[in-house]
**Q** 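Have a look at this one.
Just so it is clear, the structure is predicted and the values come from calculations on it, not from any experiment. Numbered from 1 within each chain, the chains take letters A, B, ... in sequence-line order.
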Number of protein chains: 2
Amino acid sequence: MFEVFKAYVLKHALISDDEFALIEAASRIKKLRKKQYLLQEGDVCRDHSFILSGLLRTYSVDDKGNEHIIRFATKDWWISDRESLLTGLPSKFNIDAIEDSTVLLWSAAQMEDLMDKLPGFSKMINGILNKSFITSQNRIHEAISSTAEEKYHNFITRYPDFALRVPQSMIASYLGIAPETLSRLRGKKH
Amino acid sequence: MFEVFKAYVLKHALISDDEFALIEAASRIKKLRKKQYLLQEGDVCRDHSFILSGLLRTYSVDDKGNEHIIRFATKDWWISDRESLLTGLPSKFNIDAIEDSTVLLWSAAQMEDLMDKLPGFSKMINGILNKSFITSQNRIHEAISSTAEEKYHNFITRYPDFALRVPQSMIASYLGIAPETLSRLRGKKH
DNA sequence: TTGCTTTCTTAACAAATGTCATCGTCCTGG
DNA sequence: CCAGGACGATGACATTTGTTAAGAAAGCAA
């Protein structure tokens with residue numbers, strides 16, 4: 001399974017076999033069944049996770065019991081609560097598996113160590129962080145400037161795969177609208 | 001004016017005087033009058049900017065001429081369009097000065113060079129990027145899970161300074177609501 | 001299969017927000 | 001100093017969205 005990760009890294013950086021050996025030695029593998037938590041609200045997030053297979057989501061639950069999905073993540077994506085990871089404080093978010101999944105884990109300390117020892121790896125990780133930030137900015141832009149219909153259209157255009165693998169109520173949650181509203185939008189002619 | 005930047009950096013990293021000399025040599029200073037653009041939609045963003053004084057905003061303008069403010073930024077904050085900076089493609093956003101401002105600039109190439117040569121500086125910049133990403137995630141969370149009233153309340157709590165220096169119509173734009181809606185929310189008792 | 005759960009749709013109504021227009025105040029540039 | 005513009009408040013009305021409830025269709029487990 002580590003091969004999936006290796007193939008991913010080689011798309012972004014030049015890493016030698018010796019370096020991969022270090023990275024692999026510091027990693028753990030974890031299998032998750034559907035609905036299983038990778039991180040639960042109130043716990044401290046201790047690991048960076050890379051998804052080898054499956055589909056996960058990050059979400060919060062409010063006072064009324066409503067779930068709010070911050071993001072979905074699938075093969076070749078990273079997932080964690082960076083805030084909890086950085087501060088060591090309990091997480092506000094849950095991460096769980098929407099489908100049976102497999103992830104690679106590195107503790108914060110291990111990741112820090114790897115990044116100090118392997119500049120190429122560090123540069124890659126920070127490049128990914130930069131792209132993640134850009135994606136976030138664009139999502140914020142969309143959230144404040146688009147109608148619900150536009151948001152939905154953009155979602156299925158940008159993530160056609162998720163649209164097939166995820167129930168519509170979760171898409172509504174991701175977009176910040178009620179599931180009934182999404183159902184109505186879909187019913188309308190364009 | 002470079003002293004403002006130096007004081008900021010020393011709060012986050014250990015940088016020697018020699019290193020500061022390098023950083024300063026690569027920088028340019030720019031003064032902006034109120035309403036002056038730092039970046040205009042359609043232009044390529046070429047610089048990382050650090051704000052020495054004043055207040056700026058990043059925003060887009062839609063088909064109907066409505067402005068949507070992605071973020072405000074003031075002294076000791078960085079501002080740029082990271083997407084345009086990374087890709088070299090024209091920016092979707094405008095950045096302009098809400099107050100007379102002064103900024104320090106580094107071109108993308110200069111910044112890259114500095115980060116390669118100065119690991120401590122690089123680590124600091126990436127640490128800031130990490131925090132920016134966390135802030136973005138929290139804003140996304142708020143956008144999809146809070147009412148307009150909660151968003152406004154959070155804004156004035158988190159950024160009391162901006163609430164005083166920025167017209168309410170801009171706050172409304174930042175929150176993604178019509179200025180009339182914000183005016184009504186304010187009119188209501190808490 | 002059968003029964004249970006999940007998912008999605010639809011309807012009726014309430015609440016929130018947007019749009020358009022008007023008005024008064026402040027303030028600032030000429 | 002004055003006039004025009006920016007800013008904010010408010011009202012009337014339209015539109016969108018949330019809420020509650022009910023039911024149909026599909027999937028899943030015993």
Side-chain angles (χ1 to χ4, degrees), chain A residues 33-36 55 57 59-69 72 96-100 141-156 159 161-190, chain B residues 33-36 54-55 57 59-69 72 94 96-100 141-156 162-190:
Chain A
R33 281 184 293 191
K34 191 173 173 172
K35 297 198 179 179
Q36 186 178 345
L55 178 58
R57 62 175 177 157
Y59 64 102
S60 73
V61 182
D62 67 22
D63 318 322
K64 293 172 198 152
N66 291 107
E67 296 177 353
H68 304 282
I69 298 180
F72 300 106
D96 70 10
I98 297 175
E99 303 171 356
D100 291 352
H141 182 231
E142 182 180 274
I144 64 173
S145 65
S146 300
T147 64
E149 196 166 355
E150 287 166 343
K151 289 177 201 174
Y152 175 65
H153 179 257
N154 292 342
F155 180 84
I156 57 172
Y159 308 114
D161 187 38
F162 293 162
L164 297 173
R165 293 162 76 183
V166 157
Q168 278 169 28
S169 57
M170 287 194 189
I171 298 177
S173 169
Y174 178 90
L175 299 178
I177 60 178
E180 294 88 345
T181 303
L182 180 54
S183 180
R184 269 190 294 235
L185 292 179
R186 285 165 43 82
K188 283 203 310 185
K189 53 180 171 289
H190 315 281
Chain B
R33 282 183 294 191
K34 191 174 173 172
K35 298 198 178 179
Q36 186 178 344
L55 178 59
R57 62 175 176 156
Y59 65 101
S60 72
V61 182
D62 68 20
D63 317 322
K64 293 171 198 151
N66 290 108
E67 295 177 352
H68 304 283
I69 298 180
F72 300 106
N94 302 279
D96 70 11
I98 297 175
E99 302 172 355
D100 291 353
H141 181 231
E142 182 181 273
I144 64 173
S145 67
S146 300
T147 64
E149 197 164 357
E150 287 165 344
K151 289 177 203 176
Y152 175 63
H153 179 257
N154 291 342
F155 180 84
I156 58 173
F162 293 161
L164 298 173
R165 293 162 75 183
V166 157
Q168 278 167 29
S169 56
M170 285 194 191
I171 299 178
S173 168
Y174 178 91
L175 299 177
I177 60 178
E180 294 90 341
T181 302
L182 179 55
S183 179
R184 280 184 199 111
L185 291 178
R186 285 167 44 82
K188 286 202 309 184
K189 48 176 162 287
H190 20 243

**Q** For A:D96, check side-chain contact (heavy atoms from CB on, under 4.5 Å) against everything at least two apart and list the hits.
**A**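 Applying side-chain contact (heavy atoms from CB on, under 4.5 Å) to A:D96 gives A:Y37, A:R57, A:Y59.
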
**Q** Let's go through B:F72 and B:M170 carefully: what are the C-alpha distance in whole Å and the side-chain angles of both, what is the deciding distance for side chain to side chain contact (heavy atoms under 4.5 Å, CB included) to 0.1 Å, and is it a yes or a no?
**A** CA-CA 10 Å; B:F72 300 106; B:M170 285 194 191; 4.1 Å; yes

**Q** Atom CG in B:L55, atom NZ in B:K34: separation rounded to 0.5 Å?
**A**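 B:L55 atom CG to B:K34 atom NZ measures 10.0 Å (nearest 0.5 Å).
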
**Q** Sequence neighbours left out, what passes side-chain hydrogen bond (donor to acceptor under 3.5 Å, both in side chains) with B:Q168? Give chain and number order.
**A** B:R186

**Q** Output one letter per nucleotide in nucleotides 12-30 of chain C: B when a protein non-hydrogen atom lies under 4.0 Å from the base, S when only the sugar-phosphate is that close, - when neither is.
**A** B----SBBB----------

**Q** If the condition is side-chain contact (heavy atoms from CB on, under 4.5 Å), which residues does A:K64 pass it with, not counting sequence neighbours?
**A**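 Listed in chain order: A:D62, A:N66.
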
**Q** I'd like a table of atom pairs between the protein and nucleotides 5-8 of chain C - only N or O on both sides, under 3.5 Å - with the distance next to each one.
**A**
| unit_1 | atom_1 | unit_2 | atom_2 | d |
| --- | --- | --- | --- | --- |
| C:dC8 | OP1 | A:Q168 | N | 2.9 |
| C:dC8 | OP2 | A:Q168 | N | 2.8 |
| C:dC8 | OP2 | A:S169 | N | 3.2 |

**Q** Nearest 0.5 angstrom please: B:E149 CD to B:L182 CG, how far?
**A** 10.5 Å

**Q** When rounded to the nearest 0.5 angstrom, what distance separates CD in B:E67 from OG in A:S145?
**A**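 Rounded to the nearest 0.5 Å, the CD-OG separation comes to 12.5 Å.
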
**Q** Between A:Y174 and A:Y159, what is the ring plane arrangement, given parallel below 30°, perpendicular above 60°, and tilted in between?
**A**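 Judged by the thresholds at 30° and 60°, the geometry between A:Y174 and A:Y159 is perpendicular.
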
**Q** Could you please spell out the steps behind the side chain to side chain contact (heavy atoms under 4.5 Å, CB included) verdict for B:L185 and B:I177?
**A** CA-CA 11 Å; B:L185 291 178; B:I177 60 178; 4.3 Å; yes

**Q** With a strict under 4.0 Å distance from non-hydrogen atoms of chain B, what nucleotide opens and what nucleotide closes the contacted stretch of DNA chain D, reading 5' to 3'?
**A**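 That gives a stretch of D:dC7 to D:dA12.
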
**Q** Is there a side-chain contact between A:F162 and A:I171, using heavy atoms and a 4.5 Å cut-off?
**A** no

